[in-house]
Amino acid sequence: MIRQRNGVHSLATTLSMCLNLGLAAILVAQIVGGGRLAATPRAPSQMATLKHFNIRPGMAPRSLRMHADVSASTVKTLRDKTGVGMMQCKKALKESDGDLEKAEEYLRAKGIAGAQKKAGRIAAEGAVVSYIHAGSRLGVLMEVNCETDFVSRGEAFKELAESMAMQVAANPGVEYVSVDDADQEMVARETEIIKGMEDLKSKPENIRDQITAGRVAKLVKEKALLEQAYIMDPTKTVSQALVEAIGKLGENIKIRRFQRFNLGEGIEKKVGDLAKEVEEQTAAMQAEAEAKKTEVEEKVEEKPAEEKPKVAVNAKAVKELRDKTGAGMMDCKKALAASDNDVQAAEEYLRKKGIAGAAKKAGRTAAEGLVVEYIHPGARMGVILELNCETDFVARGEKFNELAQNLAMQVAANPEVEFVSTDEIDPKAKEREFEIEMGREDLANKPENIRAQIVQGRVDKIFKERALLEQDYIMDTSKTVGDAVKEAIASIGENIVVRRFTKFKLGEGIEKKEDNFAEEVAAQMHG
């Protein structure tokens, strides 16, 4: 055993003994016992020996030093900051000599290493989440995937997914998830534009190419979600936050897709001449009055019909009809009088009148409204929808809000729906469907003209099933969604347009890997 004089011994003697005997543990025991290596001047040969063993004079090598005791409170602080397990926190603090900041960096580095191993694993579970900004003028729908529904139900995963949806809303320039998703045609166009810029023309060819590549890369990064500063911690990127979550939760996590709606974007608001508009409306009213006058004069010449006795309208029936339709009291009384107090017949009468009134408003520009969402329980399906009206006054109303929410739910309830109306369907898609139907065997023996009629009917039916406005309204299956919108136009008094919607179904299109469990265990045992 090595003896110590006044706390200092000869480094050369100690190393010589350890090396000769092959007992590196002796040196460890000496240091653990309280000895320090003297920081006295050394001969060149001794300094070379120190350097060889990575030992600095005056202290023991890092690999051989006794780790500082780690207090329970320090471990708890690190756990609260990182969410990592107790033993990992203790190890990180020991490796960092009790320095919290260094320990956090150590865990982040370890998390990154762990995340890289998990990145190749299939993530087909997760959640569809949304974020609607205050005022409902901006909304985001997003799908975030993980490997198991157990993790997807956890609070940590939910918070991460919701913060990512908010991140998209906070970065208006973001268009795709990662730089790999950038449209290559866009990249090529931008490359050509940048190459032709005046400030690069005087540069040598190779330098110009490097500058162009750098500018294009910067532009592509600015549009990628993963490259943005994370709103919850701007010291890291969204990608780094995601990697840390992978290390913390122990599963691969991916932001698969997102959709952002800005209310009224792309709608050209009509700026009209008020005086001219009033003049046109006055002329139209005068023409309508003249037409009615002519109609009355023609009726006078005819033999007067037997006058229909007036019907006493029931006040209870008026209230019931108002509650059902939202129409005004006088309109309800008129409808009931014309329908002999039959509420159902009066409702149909108002619907017809409403449709006629809605048609007049259909040409008016609707650029206000709401962006709304519907997330089905379980967060496996979500919808974002934009409903437009003419004024923000109407958009803030309860009736309009309720209609918007119902329509978002309607999209979720109709899995086949892809378009708002049949007018949006690509004519080429109709032609392809027509050709497919024409080739069906059950029509081979039909005459040509009959076959074409049958096929047209089938094609119309196929595409009606994909159009939102053609579906039975979930709140009243006696009418279509289109009818419900027209009634709302008549009731509210403004043009209302379902502009667009997007629906995400969790994991759709992801091919789930099916492994043989026994083979997987065997592979892990022998790997």
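Keep in mind that the numbers below use all heavy atoms, side chains included, and drop hydrogens, waters and symmetry copies.
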Would you say that F501 contacts L468 through its side chain, given a criterion of any heavy-atom pair below 4.5 Å between the two side chains?
yes
Quiz question: by atom type and distance under 3.5 Å, do the side chains of N171 and Q167 form a donor-acceptor pair?
yes
Could you walk me through whether L138 and L263 pass the side-chain contact (heavy atoms from CB on, under 4.5 Å) test, one step at a time?
CA-CA 6 Å; L138 169 65; L263 181 68; over 6 Å; no
What pairs with E222 under salt bridge (Lys or Arg N to Asp or Glu O under 4.0 Å), at least two apart in sequence or on another chain?
K218
Hits for salt bridge (Lys or Arg N to Asp or Glu O under 4.0 Å) against E192, two or more places apart or cross-chain, chain-then-number order -> none
When you check the side-chain N and O atoms of D483 and T480, is any donor under 3.5 Å from an acceptor?
yes
Return yes if some donor-acceptor pair links the side-chain N/O of D340 with the main-chain N/O of D342 below 3.5 Å, else return no.
no
Give the table of side-chain donor-acceptor pairs shorter than 3.5 Å for residues 155-165, with sequence neighbours excluded, one pair per line with atom names and distance.
unit_1 : atom_1 : unit_2 : atom_2 : d
S163   : OG     : E159   : O      : 3.4
S163   : OG     : L160   : O      : 2.7
S163   : OG     : Y230   : OH     : 2.9

Has Q410 got a side-chain atom pairing as donor or acceptor with D472's backbone, closer than 3.5 angstrom?
yes
Side chain to side chain donor-acceptor pair (under 3.5 Å) between D460 and Q456: does it pass, once the steps are laid out?
CA-CA 6 Å; D460 290 344; Q456 190 58 57; 3.0 Å; yes
Do E368 and V394 have side chains that get closer than 4.5 Å, going by heavy atoms?
no
Is a side-chain N or O of Y176 found less than 3.5 angstrom from the main chain of V220, in a donor-acceptor match?
yes
Within a strict 4.5 Å, meaning less than it, do heavy atoms of the K399 and L403 side chains meet?
no
Strictly distance-based, threshold 3.5 Å: is any side-chain N or O of S339 a donor or acceptor partner for the main-chain N or O of A335?
yes
One pair to check against side chain to side chain donor-acceptor pair (under 3.5 Å): T237 and E227. What are the steps and the verdict?
CA-CA 6 Å; T237 64; E227 303 297 329; 6.0 Å; no
What residues form a side chain to side chain donor-acceptor pair (under 3.5 Å) with R189, not counting sequence neighbours?
none
Quick one: salt bridge (Lys or Arg N to Asp or Glu O under 4.0 Å) partners of R499, sequence neighbours excluded?
E386
Table please: side-chain donor-acceptor pairs of residues 502-510 below 3.5 Å, with sequence neighbours left out.
unit_1 : atom_1 : unit_2 : atom_2 : d
K503   : NZ     : V411   : O      : 3.3
K503   : NZ     : N414   : O      : 3.0
K503   : NZ     : P415   : O      : 3.4
E508   : OE2    : R257   : NH1    : 3.3
E508   : OE2    : R257   : NH2    : 2.9
E508   : OE2    : K505   : N      : 3.3

Minimum side-chain heavy-atom gap N406-Y473 below 4.5 Å
yes
Determine whether E125 and F150 make a side-chain contact, defined as any pair of heavy atoms from C-beta on separated by less than 4.5 Å.
no
Polar side-chain atom of Q228 near backbone of K221 as donor-acceptor pair, under 3.5 Å
yes
Whether E265 and R260 form a salt bridge (side-chain N of Lys/Arg under 4.0 Å from carboxylate O of Asp/Glu) is what I want to check.
no
